[in-house]
Each structure stands twice: as structure tokens, then as C-alpha cells.
> 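Pasting a structure below so you can have a look.
Excluded from the calculations below are hydrogen atoms, water molecules and symmetry mates; all remaining heavy atoms, backbone and side chain alike, are included.
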Amino acid sequence: MTAHAKKVLIADADNTLYSWVDYIVPSLEAMVETLSRATGFGRDDIASSMRKVFEKFNTNEYAFVLQEAEIFADLRRDFAGFQERVINPARYAFNRARERYLQPYPGVVKTLRQLVNRGIKIFVLSDAPSFSAEQRLKRLGIAPFVSALYALKTYPLPRSTHLDQAILNRMKVGYYRSQVGKLVEMDHAFEKPNPEGLGQLLRRERLRPERAVLVGDNAKKDIVVARACAVTDVWARYGTLIAPEMRQKLSYYSAPSVQRRNVSAEGEVRVVPTHAIDRFDQLLDLGLF
């Protein structure tokens, strides 16, 4: 290791460590199909009502969308029945699809393990709500590699009368927590390309920018904030390679403003990155660590 070798990796999460699009689309698809069968409402009407909720809460992963979507207002009057006949089957369908499609990109686990074994600290800087971001790291099995997760403040809970008591009990006992070393919630104003989120991470963790590398798929966000904070930037080009049919399907389920923020256009580069990789494990070939 050279005297100038980096000692810290700061990774974006969605479409950098795993394909967020390839997981969220089939999961929402399975959920909407189940909802349509359970309620008799058309898929288009259900998706439209859900999109409005996603827009309101500024995320496509608001876990309580069924408690908020206007299309289900009448059914929610008997919430116990709604829970049993609608929410539970829809949640099961979503979870089954998530289990199948939420997978780390090739080489991610191996690379993170090797870096940690070399004494490199791993941090994750995500624009996702903290609850969702932490759950994904947990399910992917990569949370133990992460010294700290910096993510945006999570969404509020719905009214207690519209919340499964089992969820509240799990929250109380820490069921949803992961093995990340630390979770830091940031103000939504710090969303990339605002460099203050990365700046806060560097200051709070007492990290020297010249010893850090930031890897991310979104050049107009990740590369920009790295440059602003004098951190070495690596563009995860592979994260922009999303099949056209998946982009089209995402538009069907996603709030447009959320999609524009969170999904890079293929090949989109507004600044020329210092480094670019086509697989996550190519980080090890750059001679940075």
C-alpha cells in the first residue's frame, strides 16, 4: 500500500451496490396485481392512486402506501378486515418478489469483504429514506461491512388506527435494525447534489477527503458532490444500464419527480469522472486502496 492509498470508501446505495430498479419494479408489479385481485379495482387505477402517495412522501418506497391511497378509503373503514384481506396478501406478494430480485451486484460482497480486511472503512451515503436504505443493506447481507449509513430522514408513520400493531411491536424491540455500525438521518435539504450531506459525513466521521473515494452511478449527483468535497470520484457506469422495458414499467408505478431524481439516464455524464467502472469489483483494479 502506498503512502497515498485511500483508507475510506463511501458508496452510494441504489444502482451502485444493487439494482434498485430491477428489484422495485417486479415487487410493485406483484403488489398491484395482488391488490387488483383482492379488491376488484383496475391495475391502472391502483397504480395511479399509489403514485400520488409516492409523490406526496417523496419516495417510491413509502411502506404505508395502502394506508394512504385514496382508492382504498372505503375499504379502510373496517381496518381489521382491510388488513387481513388486502394489506397482508399485498405485503406477502411484495416481499416474495423482493426476496427474489433484490440482490447485490456481482462482486459487491467479495469487494467489500476484501476492503474491510485491508482495514478500509466503508460508509454508505444514500438519498433513500433511512428506514428503506437500512432494510436493504440488512436483506442484502452487507450491513456488517458498513461503519455508518448516512441517509435521508425516514417518512412519518400513518395514524395508529391505520397501523398494524405487529409492526409497532417489532419497531419497539428493534426488529428492523441492521448490523450497520451507525445510522445517521440527514435533512432532506442535504440530498445530492447538495454536497452538505457528504460534507457532514466527512466532518462527523473525522475523515480526510484526500484519503476517501466515493463511488456512485449518478454522475450529476455522486460525482458532483465528490468533486465539491475534494473526494476521489468513481462513476459506477453499470448502474445506468437499465433495460428500456424496466424504465417504462418504473414510469408506470413511480412518481415522476422521484424517478427523475433517483434513476440516471443511460450514459448520462455532466462532468467527466476521474474513474469509471463497469463492475463493482473493478474498484480493486484502480490502484486506489
> State plainly whether the residues Arg43 and Glu33 are in salt-bridge range, i.e. N to O under 4.0 Å.
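A salt bridge is present here (some side-chain N lies under 4.0 Å from a carboxylate O).
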
> Looking at Leu137, Ile142, Ile122, Val124, which hits side chain to side chain contact (heavy atoms under 4.5 Å, CB included) with Val180?
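Option passing the side chain to side chain contact (heavy atoms under 4.5 Å, CB included) with Val180: Leu137.
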
> So do the side chains of Met246 and Asp22 get within less than 4.5 Å of each other, counting heavy atoms only?
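Yes; the side chains approach each other to less than 4.5 Å.
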
> Count the heavy atoms belonging to other residues, nucleotides or ligands that lie under 6.0 Å from NZ of Lys52, then report whether that count exceeds 12.
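It does not: Lys52 NZ has 12 such atoms or fewer within range.
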
> Checking Gln282 side chain against Asp278 main chain: does a donor-acceptor pair fall under 3.5 Å?
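Yes, Gln282 side chain to Asp278 backbone: donor-acceptor pair under 3.5 Å.
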
> Describe, in one word, how the ring planes of Phe41 and Phe72 are oriented to each other, choosing from parallel (under 30°), tilted (30 to 60°) and perpendicular (over 60°).
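If you compare the ring of Phe41 with that of Phe72, the planes turn out tilted.
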
> Measure the spacing between CD1 of Ile10 and NZ of Lys121 and express it to the nearest 0.5 Å.
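It comes to 12.0 Å.
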
> How are the rings of Phe79 and Phe82 set relative to one another: parallel (under 30°), tilted (30 to 60°) or perpendicular (over 60°)?
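Ring orientation, 0 to 90° scale: tilted.
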
> Leu17 versus Leu140: any side-chain heavy-atom pair under 4.5 Å?
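No, every pair of side-chain atoms sits at 4.5 Å or beyond.
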
> From Glu196 CD over to Met186 CE, what is the distance, rounded to the nearest 0.5 angstrom?
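Between atom CD of Glu196 and atom CE of Met186 there are 9.5 Å.
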
> Heavy atoms, side chains only, cut-off 4.5 Å: are Asp14 and Arg136 in contact?
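In short, these two side chains touch, coming nearer than 4.5 Å.
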
> Distance from Lys138 atom NZ to Leu149 atom CG, nearest 0.5 Å?
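Taking NZ in Lys138 and CG in Leu149, the distance rounds to 13.5 Å.
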
> Tyr252 and Val25: side-chain contact (heavy atoms from CB on, under 4.5 Å), yes or no, with the steps?
CA-CA 9 Å; Tyr252 180 77; Val25 167; over 6 Å; no

> Salt bridge check, Asp217 against Arg237: does any charged N sit closer than 4.0 Å to a carboxylate O?
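No, Arg237 and Asp217 are not salt-bridged.
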
> Going by an N to O cut-off under 4.0 Å, is there a salt bridge joining Glu191 and Lys221?
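Judged by the 4.0 Å cut-off on N to carboxylate O distance, Glu191 and Lys221 do form a salt bridge.
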
> Report, as yes or no, whether the 6.0 Å neighbourhood of atom CD on Glu245 holds more than 12 heavy atoms from other residues, nucleotides or ligands.
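More than 12 heavy atoms, drawn from other residues, nucleotides or ligands, come within 6.0 Å of this atom.
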
> To the nearest 0.5 Å, what is the distance between CG on Leu202 and OH on Tyr150?
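Leu202 atom CG to Tyr150 atom OH measures 9.0 Å (nearest 0.5 Å).
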
> With a cut-off of 6.0 Å (strictly less than), are more than 12 heavy atoms of other residues, nucleotides or ligands near NZ of Lys153?
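No, because the 6.0 Å sphere around NZ of Lys153 holds 12 heavy atoms or fewer from other groups.
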
> What distance separates Gln103 CD from Tyr18 OH, expressed to the nearest 0.5 Å?
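Taking CD in Gln103 and OH in Tyr18, the distance rounds to 13.0 Å.
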
